[in-house]
*Asks:* 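Structure in C-alpha cells, see below.
Sequence positions, counted from 1, serve as the residue numbers for this chain. Just so you know, ligand 1 is whichever comes first in the structure, and atom 1 is the first atom listed for that ligand.
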Amino acid sequence: MPESLSTDVLIVGGGVAGLWLNARLRRQGFATLLVDKGTLGGGQSVKSQGIIHGGTKYALHGALTGASEAIADMPRRWREALDGTGELDLSGVRLLSDAHYLWSPGTLAGNLTSFFASKAVRSRVGQVKGDELPPALQHPRFKGKVYRLAELVLDVPSLIARLAELAGPSLLAAERIEPLREGDELVGLRVDGRDIRAQRIVFSAGGGTAELLGALGLQQPAMQRRPLHMVLVKAPTLKPLYAHCLGGGPKPRITVTSHPTEDGQWLWYLGGELAEAAGVARDEASQIAVAKKELAELVPWLDLSEAQWATLRIDRAEPAQSSQARPDNAFLAEQGRLLVGWPTKLALSPDFADRVEAALARDGIRPTAHAALPALPRPPITGPFWEGLL
Ligand code: FAD
C-alpha cells in the first residue's frame, strides 16, 4: 500500500511564487504541502536581479501603461513584509538597496524629458545629485542624470531561506510526480509512491510547468520561454549600483544590480537589452566583449583590469503571449482542482498568491483538519548561484 497523505492545497514548485503562496496559505490556517524536484529558489528566482519594481521601466516610451499600473503597488507590499507588518513576516531578509535608479548617461531624448515631467512619474521618481548618487556613479567624470525610483532590490538567497523557514514542515523533495485520479477526476498527485490528496493542486514550477502539464495530458495553458544571456563581473574596484541605464529605446540599455560575494567583493549582474535577443545570439566571449565595451563607455573611470567575467544563460518562463510581449500581471489558469500559473516577475508573487486565494474563496475552499505530516525528505535550499560561476 502506498503511504497516503492529505492536505488542503498541494503546491508543485518552490520558487518564489510557490513559496510565497505556501507561506500565505499557511498563515491563513490552510494545510499545505509543497513539492519540488530541484532546489528551492534555484530556478529563475535566485538568478533574477531581485528588483521589486513598481513598473516605471515599462513606461520608458513616455506613457504609463497597463503594466506600470498593475505592478505599482508591489514595492509597498514588499516593504511592509520586510518591516514585519505585511502579509508575510520577512523581517530578516536582506535588503540590498531601498531604491533602484534610472540613469541617463547623456542628454535625455525628448520623449523622456516629457516622461519625467509628467505628473504620474513625478510622484514616483526624484532626481538625485552629488553625494545622493549611487556610490558607483560618484565620480568627477560622471555626466548624466540619475533618478531615484521608489523600488527595492532584495538579496534573493536570504528571501528564499526565509520563505522556506515559513514553510515549516510542509516541504517535500520529489523525484517522480504522477497524477492521482479517481475516475476522470484529478484528486491529487502520487509523489515517489506517496498518494497525496488535496482540495486544490497548484502548479508553480516555472519552466518545469509545461512538462508537468504534459504528464497530465494537458497542453493549456501554453508556456513561453524568453531566453536571456546575462553577464557577471566581479572586481575589487566595484561599488554597489542598482540602476537601469537608459539607452533611448523602450528597454534599458543595461540593468545593473550588485551582489555581495563571499570574498568581500561586489559582483555586478548585468541584464537589460544587453542580455536580450542580440546578446542571446552571441557566444560567451563576444557577450563579455560587448559588456566590457559598454562599461568602458558608461563608467570609463572604473578600473576593471583585475575583473573576473562570466555569463549565464537563463530562460524566463511565462504564459505564452502573442509576439513575446511581456505579460502585465501574475497569471493563473484553472481546470477543475488544478490551478496553473506563473508570477511572470518575482515582484508579482503577492499578486500570484492573491489570484490563487481568490479562486479558493470563490469555490468555498476552506482550511480543514488533516493528520499531522510525518517527517518528510526536504528539498535543498539555493545559495548565491554566482559563487559557483566566479
Ligand atoms: P522558479 O524560480 O523558476 O521556480 C520553479 C521551481 O519549480 C524550482 O524550484 C524548480 O526546482 C521547481 N520545479 C521545476 N520543475 C518541477 C517539476 N517538474 N516538479 C517539481 N518541481 C519542479 N523578476 C522581478 O520581479 N525582478 C527582477 O529583477 C527580475 N530579474 C530577472 C532576471 C533574470 C535573469 C530572470 C531569468 C528573471 C528575472 N525576473 C525578475 C523574473 C523572476 O525571476 C521570475 O518571474 C520568478 O522568479 C519566477 O518564479 P517561479 O517561482 O515561478 O519560478
Side-chain angles (χ1 to χ4, degrees), residues 10-22 34-55 57-58 67 71 74-75 78 96-97 100 151-154 156 159-160 163-164 171-178 189 191-192 202-216 223 225-232 242 244 252 255-257 259 269-272 274-276 279-280 311-319 326-327 329-332 340-353 379-382 385-386:
L10 174 56
I11 301 168
V12 185
V16 66
L19 286 167
W20 187 289
L21 171 66
N22 188 42
L34 183 154
V35 301
D36 198 294
K37 261 191 172 176
T39 304
L40 296 174
Q44 299 159 86
S45 296
V46 77
K47 291 160 193 146
S48 79
Q49 294 193 279
I51 306 164
I52 307 300
H53 35 73
K57 82 166 176 175
Y58 300 113
I71 202 171
M74 291 301 142
W78 282 81
L96 291 175
S97 179
H100 194 66
E151 304 184 349
L152 313 169
V153 189
L154 297 183
V156 179
L159 168 66
I160 299 295
L163 290 173
L171 301 173
L172 172 61
E175 278 179 20
R176 196 176 159 84
I177 301 175
E178 300 156 283
L189 297 172
V191 179
D192 298 330
V202 181
F203 285 174
S204 56
T209 292
E211 189 194 317
L212 284 165
L213 288 171
L216 298 185
M223 188 183 97
R225 290 176 182 275
R226 197 149 48 83
L228 296 170
H229 195 184
M230 306 290 286
V231 178
L232 297 87
Y242 301 91
H244 298 302
T255 297
V256 186
T257 50
H259 306 267
Y269 191 32
L270 308 177
L274 169 74
E276 304 231 2
V280 171
T311 69
L312 175 80
R313 289 188 186 274
I314 169 96
D315 291 350
R316 288 179 83 136
E318 302 165 333
R326 274 197 188 92
N329 303 299
F331 172 91
L332 189 71
V340 183
W342 295 269
T344 74
K345 292 171 191 72
L346 173 133
L348 283 165
S349 299
D351 185 37
F352 179 72
I381 302 177
T382 189
F385 78 93
W386 51 88

*Asks:* How far is atom 49 (O) of ligand 1 from its nearest protein heavy atom, and which residue and atom is that?
*Replies:*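 Result for atom 49 (O) of ligand 1: Ser45 OG, 3.5 Å.
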*Asks:* Quick one: nearest non-hydrogen protein atom to atom 33 (C) of ligand 1, plus distance?
*Replies:*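 Residue, atom and distance for the closest contact: Lys47 O, 3.6 Å.
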*Asks:* A side-chain contact here means heavy atoms from C-beta on lying under 4.5 Å apart; do His100 and Thr255 qualify?
*Replies:*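 In short, these two side chains touch, coming nearer than 4.5 Å.
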*Asks:* Judged on heavy-atom distance to atom 13 (N) of ligand 1, which of Ala205, Gly208, Gly206 sits nearest?
*Replies:*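 Answer by nearest heavy atom: Ala205.
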*Asks:* Examine distances only and state if a side-chain atom of Ser45 and a backbone atom of Gly15 form a donor-acceptor pair shorter than 3.5 Å.
*Replies:*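 No, because the side chain of Ser45 does not come within donor-acceptor range (under 3.5 Å) of the backbone of Gly15.
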*Asks:* Could you identify the single nearest non-hydrogen protein atom to atom 26 (N) of ligand 1 and state the distance to 0.1 Å?
*Replies:*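 Residue, atom and distance for the closest contact: Ile51 O, 2.8 Å.
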*Asks:* What protein heavy atom sits nearest atom 42 (C) of ligand 1, and how far away is it?
*Replies:*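 Closest protein heavy atom to atom 42 (C) of ligand 1: Leu346 N, 3.5 Å.
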*Asks:* Is there any N or O on Ala17 that sits under 3.5 Å from an N or O of ligand 1?
*Replies:*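 Between Ala17 and ligand 1, an N or O pair is found under 3.5 Å apart.
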*Asks:* May I ask you to identify the nearest protein heavy atom to atom 32 (C) of ligand 1, giving residue, atom name and distance to one decimal place in Å?
*Replies:*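 Sorting protein heavy atoms by distance from atom 32 (C) of ligand 1 puts Ser48 CA, 3.3 Å first.
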*Asks:* Only one of Val202, Thr209, Leu189 passes side-chain contact (heavy atoms from CB on, under 4.5 Å) with Val12; say which it is.
*Replies:*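 Exactly one option meets the side-chain contact (heavy atoms from CB on, under 4.5 Å) with Val12, and it is Leu189.
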*Asks:* What do you reckon, does Pro343 put a non-hydrogen atom under 4.0 Å from ligand 1?
*Replies:*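 Contact check Pro343 vs ligand 1: positive.
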*Asks:* Can you tell me if Gln44 uses its side chain to pair, donor with acceptor, with the backbone of Gly206 under 3.5 Å?
*Replies:*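 Between the backbone of Gly206 and the side chain of Gln44 there is no qualifying donor-acceptor contact (under 3.5 Å).
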*Asks:* Starting from atom 25 (O) of ligand 1, what is the nearest protein heavy atom, named by residue and atom, and what distance separates them?
*Replies:*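 In this structure, atom 25 (O) of ligand 1 has Ala347 N, 2.7 Å as its nearest protein heavy atom.
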*Asks:* Mind checking whether Gln44 has an N or O less than 3.5 Å away from an N or O of ligand 1?
*Replies:*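 Yes; the residue has a nitrogen or oxygen that sits under 3.5 Å from a nitrogen or oxygen of the ligand.
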*Asks:* Give me the residue, atom name and distance of the protein heavy atom closest to atom 30 (N) of ligand 1.
*Replies:*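 Nearest neighbour among protein heavy atoms for atom 30 (N) of ligand 1, to 0.1 Å: Gln49 N, 3.0 Å.
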*Asks:* Looking only at heavy atoms of Gly50, does any of them come nearer than 4.0 Å to an atom of ligand 1?
*Replies:*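 Gly50: in contact with ligand 1 (<4.0 Å).
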*Asks:* Has Lys47 got a side-chain atom pairing as donor or acceptor with Gly42's backbone, closer than 3.5 angstrom?
*Replies:*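 Here the side-chain-to-backbone pair exists.
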*Asks:* Check whether any heavy atom of Gly14 sits under 4.0 Å from an atom of ligand 1.
*Replies:*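 Heavy atoms of Gly14 do come under 4.0 Å of ligand 1.
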*Asks:* Can you find an N/O atom of Thr39 closer than 3.5 Å to an N/O atom of ligand 1?
*Replies:*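 Yes: some nitrogen or oxygen of Thr39 is under 3.5 Å from one in ligand 1.
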*Asks:* Which protein non-hydrogen atom lies closest to atom 11 (O) of ligand 1, naming both residue and atom, and how far is it?
*Replies:*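 Residue, atom and distance for the closest contact: Asp36 OD1, 2.7 Å.
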*Asks:* Using heavy-atom distances only, which candidate in Glu151, Arg316, Lys345 approaches atom 39 (N) of ligand 1 most closely?
*Replies:*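 Comparing heavy atoms across Glu151, Arg316, Lys345, the nearest one to atom 39 (N) of ligand 1 lies in Arg316.
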*Asks:* Would you say Val16 and ligand 1 have an N/O pair spaced under 3.5 Å apart?
*Replies:*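 Looking only at distances, the answer is yes, because the N/O contact criterion of under 3.5 Å is met.
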*Asks:* Tell me, yes or no, whether the heavy-atom count around Arg313 atom CZ, taken from other residues, nucleotides or ligands under 6.0 Å, exceeds 12.
*Replies:*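 Atom CZ in Arg313 is crowded, with more than 12 foreign heavy atoms closer than 6.0 Å.
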*Asks:* Please verify whether a non-hydrogen atom of His53 lies at under 4.0 Å from ligand 1.
*Replies:*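 It does, in that a heavy atom of His53 comes within the 4.0 Å cut-off of ligand 1.
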*Asks:* Contact between ligand 1 and Thr209 is defined here as a heavy atom of the residue under 4.0 Å from a ligand atom; is it met?
*Replies:*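 It does not, in that no heavy atom of Thr209 comes within the 4.0 Å cut-off of ligand 1.
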*Asks:* Test your reading of the structure: does Lys37 have an N or O sitting under 3.5 Å from an N or O of ligand 1?
*Replies:*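 Right, the criterion is met.
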